[in-house]
Amino acid sequence: VKKPRFDASLVYLTRKFMDLVKTAPDGVLDLNEVATTLGVRKRRVYDITNVLDGIHLIQKRSKNLIQWVGSNLDQVVGKAPEQQNLKDELSDLSAMEEALDELIKDCAHQLFELTDDKENAKYPFNSCVTLTRAYVTYQDIRSIQAFQEQIVIAIKAPEETKLEIPIPKEDCIEVHVKSTKGPIDVYLCEVEQEKPGAKTFEDMGAVISET
C-alpha cells in the first residue's frame, strides 16, 4: 500500500528519526535498524544523517552507526514554551501588519476619491488633503494660532521645482525657488489680527515669476 505523501516526506522522517535518537542509549543508532523501523530505504535515512552530520549534530562511529553530539535533547524540548511565545508574538505582529495594510488601502482610496473629484480640482493648493476637501483656503491659514501676526507665503510650483534656503542673516531670510517646467505662483498671505479696513486675501494679487 502506497504511503501518504506526508508520511514519506523528509520532514516527517526527520521527526521520527529524532524520536529514535531521544530513546537511544547514549544517542547511538544503527542505521539499518532505523531504516527498518521507519519502513524506508536506507538511502532516505542517509539523506537525514548527511544533513545532521554537515551541521555537526551527529558523528559517524562506523559505517552503520551514528551518535548524537548536538545539544542536550531535554534542553531542546524545554524550549518549546519559549518557541510558542515567539510564534504567538509573530502571529500578533502579522495581524497588526494586516490591519495597517487595510488602513493604508482605505486612506489611499479616500485620497483617490478626493483628487478625482472635479469640484476639488479647480481650487488652488489641492495637494493639501483634509477629510472633507482637497485644498486649503486663506481662512484656514488665518485660523492657525501659530501664524497670527506673521507673514505666510504660499508657493504653487510645477514638478521638480528646486527650493533653497541659505543660512539666514541677521536682518533677512532669503528663499530661492527655481523651476524649468513652467511659472511659479507666489501668494502673500499675511496672517494678522482683524483690523478695521484691513485688506482680505481676495484683495491681494498673486505675484508670478518665471525662470
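Being a predicted model, the structure only gives us computed values, none of them experimental.
- Taking the side chain as every heavy atom from C-beta outward, Val152 and Tyr138 never approach each other to under 4.5 Å.
- In the hydrophobic clustering of this structure, Val51 does not group with Val45; members are Ile, Leu, Val, Met, Phe, Trp, Tyr whose side-chain heavy atoms approach within less than 4.5 Å, directly or through other members.
- Between Phe147 and Ile141, some side-chain heavy-atom pair lies under the 4.5 Å cut-off.
- Atom CD1 of Ile48 is separated from atom CE of Met18 by 10.0 Å, given to the nearest 0.5 angstrom.
- The CD atom of Glu89 sits 10.5 Å away from the OG atom of Ser94 when rounded to the nearest 0.5 Å.
- Contact check for Gln59 versus Trp68: no side-chain heavy atoms found under the 4.5 Å cut-off.
- Both Leu10 and Tyr12 are assigned to one and the same hydrophobic cluster, defined by single-linkage of ILVMFWY side chains at heavy-atom distances under 4.5 Å.
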Between Val69 and Leu57, is a side-chain contact (heavy atoms from CB on, under 4.5 Å) present by the stated rule, with each step listed? CA-CA 5 Å; Val69 294; Leu57 293 179; 5.7 Å; no

Residues 159-172, side-chain donor-acceptor partners within the protein, below 3.5 Å, at least two apart:
{"unit_1": "Glu160", "atom_1": "OE2", "unit_2": "Lys181", "atom_2": "NZ", "d": "3.3"}
{"unit_1": "Thr161", "atom_1": "OG1", "unit_2": "Pro158", "atom_2": "O", "d": "2.6"}

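- Taken from CG in Leu20 to CG in Leu29, the straight-line distance is 6.0 Å, to the nearest 0.5 Å.
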Derivation and outcome, side-chain contact (heavy atoms from CB on, under 4.5 Å), residues Lys22 and Asp19: CA-CA 5 Å; Lys22 294 175 186 177; Asp19 290 338; 4.0 Å; yes

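- Around CD1 of Ile173, the count of heavy atoms belonging to other residues, nucleotides or ligands within 6.0 Å does not exceed 12.
- Scanning all heavy atoms of the two residues, the minimum distance from Asp53 to Ile58 falls at OD1-O, 3.2 Å.
- The number of heavy atoms from other shown groups lying within 6.0 Å of NE2 (His56) does not exceed 12.
- Counting only distance, with no hydrogens or angles, the side chain of Asp106 and the backbone of Glu102 share no donor-acceptor pair below 3.5 Å.
- Separating the CG atom in Leu93 from the CG atom in Leu86 is a distance of 10.5 Å, to the nearest 0.5 Å.
- How far CD1 of Ile153 is from CD1 of Ile155: 7.0 Å, rounded to the nearest 0.5 Å.
- Annotation for Leu65 and Asp30: closest pair CD2-CA, 3.6 Å, computed over non-hydrogen atoms.
- Side chains of Leu188 and Ile151 form a contact here, defined as non-hydrogen atoms less than 4.5 Å apart.
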When you look at Asp26 and Gln67, which way does the side-chain contact (heavy atoms from CB on, under 4.5 Å) test go after all the steps? CA-CA 7 Å; Asp26 298 325; Gln67 184 176 18; 4.1 Å; yes

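- Looking only at distances, a side-chain donor or acceptor of Thr37 sits under 3.5 Å from a matching main-chain atom of Glu33.
- The heavy-atom pair separating Lys16 from Leu38 by the smallest distance is CB-CD2, 3.4 Å.
- Hydrophobic cluster membership differs between Val28 and Val34, with clusters built from Ile, Leu, Val, Met, Phe, Trp and Tyr side chains linked at under 4.5 angstrom.
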Step by step, would you call Lys42 with Leu31 a side-chain contact (heavy atoms from CB on, under 4.5 Å)? CA-CA 7 Å; Lys42 200 172 180 180; Leu31 298 184; 4.2 Å; yes

